[in-house]
Amino acid sequence: MLSFQQARQTILDHVTPLGVERVGLLDASERIVAEDIIAPWSLPVWDNSAMDGFAVRHDDCSDGGTLTISGYIPAGGYSNDPVQPGTAVRIMTGAPIPPGADTVVPFEETSEEGDQLTIRGSVTIGDHIRVKGEDITDGENILTAGSLLRPAEIGLLATFNKVIVPVYRRPRVAILATGDELIEPGTPPNNHQIVNCNSFAVAAALKEIGAEPILLGIARDNRESHLQKIKEGLKADALITSAGVSAGDRDLVRDILEELDVKSVFWKIDIKPGRPTAFAMYGDKPVFSLPGNPVSTMITFEEFVKPALLKMMGHRRVFHPTVRAILKDDVKKKSGRTQFMRVFVTMQNGQYLASTSGDQNTGILKTMIRANGLAILPAAPDHIGSGAQVDVQLIGGDYV
């Protein structure tokens, strides 16, 4: 049986980034750029004014000195006429610096009378000029392949007139629930039926990372239903099943996958919850078979499926950030297995504190809702006392 770390690394070793597609600039937001982006020109494109004021020759400036106002350059305008000695050109923020000028004096540091300008205070050469290329130079690599395109990156691409962007493709991920006991949301349940929540939790998690979920519905506990649904799911870039992966007489998922020439990589991981998790490959497509208990499904998705899909989407950072936190509760656990405990994380005096979010039974959904972290409890010992430090994955929410 694989350890937690072995299973996670094994999965990552089997997946690679998907192909590249070219999309419009806004559609590239929160995607991963697939190629280096090279600046086609410098930024700023020219020396320009950082203030509304007057473009002057520094040699002409002295406290109380007077210059003649000889011109005006608005934003969006320009002038090729050199600034003559003893003159000043009114200039607005962003306008190109005219030839001969080497300094900008802001309006508030001057006084005007007719076409005469008096400078008040000292002036340093180069004041309030944004120099060509001080931000980015022509030919500079502004975005490396693998970068996440956040608003700042989108703005930078727009600055350089990049309206089509090469990004890694988003995976289409098929989701299949299994079991005769399941019904779809919106159907009134009878005494023995359970509403299919796993598919929708997984679909929401997929949308959160930018993947495209494909809901296959429910495979009933017979070979024909499983065969038909799984065949359809294998057309996607990845397949996720929930339940039907243990050793019961109605656990058909692994048998049907084998029948369809899906190659098993491993079955069972030395963790709690999520021990019966299985991983297989259909050609270059990953197939994840997750346990059926709702919390087990969500935790195994976070730990094993999500990192793999992020890698397929070109991400370089595929794991949740992990911090050291002080446990506020005594914890008893099964020795020999890595255990994921749902915790609520706060920060006090610069230190993370983690307290249990409630009953750790894998059927208790509200403790998953309350949790903003997963404490990774090592395989040994079977008791961890309050005050001990443990690794905690931050899975979202506030930490104040």
Side-chain angles (χ1 to χ4, degrees), residues 24-26 28-31 33 35-166:
L25 186 57
L26 278 182
S29 181
E30 298 302 314
R31 303 283 291 273
V33 67
E35 301 171 8
D36 290 350
I37 305 295
I38 306 301
W41 55 73
S42 295
L43 190 68
V45 182
W46 50 74
D47 293 354
N48 69 88
S49 180
M51 298 283 286
D52 293 340
F54 293 93
V56 298
R57 292 158 38 98
H58 180 260
D59 288 347
D60 295 336
C61 297
S62 60
D63 189 359
T66 301
L67 303 174
T68 299
I69 301 170
S70 61
Y72 170 55
I73 307 174
Y78 68 95
S79 173
N80 290 325
D81 297 330
V83 175
Q84 299 298 323
T87 67
V89 174
R90 187 185 303 275
I91 192 168
M92 307 309 288
T93 301
I97 300 297
D102 56 15
T103 303
V104 171
V105 183
F107 287 153
E108 54 267 31
E109 296 176 11
T110 66
S111 56
E112 297 178 57
E113 186 172 341
D115 65 353
Q116 297 299 297
L117 177 75
T118 300
I119 296 174
R120 296 183 278 104
S122 60
V123 176
T124 301
I125 189 170
D127 273 355
H128 308 299
I129 291 180
R130 301 182 184 124
V131 179
K132 176 182 177 179
E134 70 177 18
D135 185 1
I136 294 169
T137 57
D138 182 6
E140 182 178 339
N141 186 348
I142 56 173
L143 288 175
T144 58
S147 298
L148 176 64
L149 298 177
R150 302 163 300 178
E153 285 80 3
I154 294 296
L156 185 62
L157 290 170
T159 296
F160 287 108
N161 213 21
K162 299 287 186 181
V163 295
I164 301 296
V165 186

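Just so it is clear, the values below take in all heavy atoms, side chains as well, and ignore hydrogens, waters and symmetry mates.
For the pair Asn141 and Ile37, the tightest heavy-atom approach, listed with the atom from each and the gap, is OD1-O, 3.3 Å. Pairing each heavy atom of Met92 with each of Ala75, the nearest pair is CB-N, 3.8 Å.
Side-chain contact between Ile119 and Ser62 is absent, with no heavy atoms from C-beta onward closer than 4.5 Å. With contacts defined as side-chain heavy-atom distances shorter than 4.5 Å, the pair Thr124/Thr103 does not qualify. Counting only heavy atoms from C-beta outward, the side chains of Arg90 and Glu112 approach each other to under 4.5 Å. Side chains of Val131 and Pro44 form no contact here, defined as non-hydrogen atoms less than 4.5 Å apart. Put simply, the side chain of Val56 does not reach to within 4.5 Å of the side chain of Val83, judged on heavy atoms. Side-chain contact between Leu157 and Leu149: present, with at least one pair of heavy atoms (C-beta onward) separated by less than 4.5 Å. With contacts defined as side-chain heavy-atom distances shorter than 4.5 Å, the pair Asp138/Ser42 qualifies. The closest side-chain heavy-atom distance from Thr159 to Ile136 is not below 4.5 Å.
Asp60 meets the side chain to side chain donor-acceptor pair (under 3.5 Å) test with Arg57; sequence neighbours excluded. Residues passing the ring pair (Phe, Tyr, Trp, His ring centres under 6.0 Å) test with Phe160 are Trp41, sequence neighbours excluded. In this view, Glu153 and Arg150 satisfy the side chain to side chain donor-acceptor pair (under 3.5 Å) rule, not counting sequence neighbours. Residues satisfying the side chain to side chain donor-acceptor pair (under 3.5 Å) test with Ser147, not counting sequence neighbours, are Thr144. Gln116 meets the side chain to side chain donor-acceptor pair (under 3.5 Å) test with Thr68; sequence neighbours excluded.
Each of Ile73, Asn80, Asp81 was evaluated against Pro98; a single residue qualifies, Ile73, per the side-chain contact (heavy atoms from CB on, under 4.5 Å) test.
Between the side chain of His58 and the backbone N or O of Gly126, no donor-acceptor pair lies under 3.5 Å.
The stretch residues 83-131 participates, sequence neighbours left out, in these ring-ring contact (aromatic ring centres under 6.0 Å, His included) pairs: Phe54-Phe107.
Interatomic distance, CG of Leu148 versus CD of Glu30, reported as 5.0 Å (0.5 Å rounding).
Remark: the Asp52 side chain and the Thr93 side chain contain an N/O donor-acceptor pair separated by less than 3.5 Å.
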